[in-house]
There are 2 protein chains.
Amino acid sequence: MDAQPRWLAPEQKAAWDSFIRMHETLIGRLSRHVQADAGLSASDYVVLVSLTERGNGRMRFLDLAKLVEWEKSRMSHQVTRMAKRGLVAREECPDDGRGAFIVATPAGYKAIEEAAPQHVEHVRRLFIDALTPNQLHTFGQLSQRILDHMGKQPD
Amino acid sequence: MDAQPRWLAPEQKAAWDSFIRMHETLIGRLSRHVQADAGLSASDYVVLVSLTERGNGRMRFLDLAKLVEWEKSRMSHQVTRMAKRGLVAREECPDDGRGAFIVATPAGYKAIEEAAPQHVEHVRRLFIDALTPNQLHTFGQLSQRILDHMGKQPD
DNA sequence: ACGAAATTGTTGACAGCTCATCTACTTCTG
DNA sequence: CAGAAGTAGATGAGCTGTCAACAATTTCGT
């Protein structure tokens, strides 16, 4: 029925493999660092950064989920776990009886303020410093281009 | 004690963000596709491809783990699950009493042979086709450069 | 104003990953 | 060849992510 599958050309496959391996290695290292340095998982870090940087420490549940592009159920579980460890708390929303605010606790602030500078150093050391400014710019542009392309593709 | 943290410059942060978001979106879509198309998780896919493509359907446990750069425990759990679903089987190794071979079953072959062409099409549609050949080449080179850089960095 | 539909968020079951630990075998050293 | 050290792989506990179902509101259409 189908035509022969069109496998990737060697050059295409090489690019794809490098990309995939690079990402895995990079993210693997970064998340081990943030775990070791600050006792935070990568997810904890993302939540706390979003909450404190963009939401001033307090954000509606779904806004937070949308900001980081997570499913609401993932966020809900994550918040439950973080609340248990005292990093964030839930608060009721007066305007909307269904709603909830997520707020960063003082312990949450403390954790992220300790973790962030170290994390940035690692990002710099492992990723930013690997490329010249021009190369980094190109890399970012190409990433964005792929992102835009996917936005136009179905599904 | 520390100097002021050196946050990323806007241009650097933009590149980093595009990269991270692009990868998440891309991998998210691809793994949902392979799950829906063939009932395989991304991990199942990687294991079966490695096994059938590079190992001719049969590989030593740790060789397989090294090939895909997974921890042995991860691979062990993965193989256990896949064995339970009949995609692979374990076989004893005559040369080394501790060892094991992992072999792709006929069902495993069937699954990967159905999944692979569709997967490649999605990779092509979402990723390859987003860039010109030159851009793709550049993107692959830069990825490889980052990978090489990390190889030289401690930890 | 009233029922249908949409929105907000939670929950439980289950698959996946990591870490530490354990067993069994092999190899190395004296 | 005995014992120590290394290697191959399995296992269990515990955290994380996904999916489907659910409850509690709010909003919308008439």
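Please read all numbers here as calculations on a predicted model, not as lab measurements.
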Integer-rounded Å distance: dT18(D) P and Asp44(B) CG | 16 Å
Side-chain donor-acceptor pair present, Arg81(A), Ser41(A), cut-off under 3.5 Å | no
Could you state the CZ-P distance from Arg29(A) to dT18(C), rounded to the nearest angstrom?
-> 16 Å
Other residues, nucleotides, ligands: >12 heavy atoms within 6.0 Å of Arg85(B) CZ = yes
Check: Leu62(B) and Met75(B) side chains under 4.5 Å, non-hydrogen atoms | no
Pair Arg145(A)-Ser18(B), side-chain donor/acceptor within less than 3.5 Å | no
Please state how far atom CD in Glu71(A) lies from atom C1' in dT8(C), giving the value in whole angstrom units.
-> 15 Å
Kindly write out the residues that satisfy ring pair (Phe, Tyr, Trp, His ring centres under 6.0 Å) with His77(B), not counting sequence neighbours, or none if the list is empty.
-> none
Distance, rounded to the nearest Å, where Leu40(B) contributes CG and dG16(C) contributes C1' = 15 Å
Once each nucleotide of nucleotides 6-13 of chain D is scored for protein heavy atoms under 4.0 Å, what B/S/- sequence comes out, 5' to 3'?
-> BBSBBBBB
Within a strict 4.5 Å, meaning less than it, do heavy atoms of the Leu26(B) and Phe19(A) side chains meet?
-> yes
Verify the contact: side-chain N or O of Gln78(A) to OP1 or OP2 of dG17(D), cut-off strictly under 4.0 Å; return yes or no.
-> yes
When the nearest nucleotide of DNA chain D is assigned to Arg81(A) and to Pro94(A) on a heavy-atom basis, which residue is associated with the more 5' position?
-> Arg81(A)
Counting only side-chain N and O atoms of Arg74(B), is one of them less than 4.0 Å from OP1 or OP2 of dC19(C)?
-> no
Met82(A) atom CE is separated from dC15(D) atom C1', nearest whole Å, by 14 Å
Atom-to-atom span, CZ of Arg32(A) to P of dT16(D) - whole angstrom | 16 Å
Can you tell me the distance, in whole Å, between the CD atom of Glu92(B) and the P atom of dT23(C)?
-> 19 Å
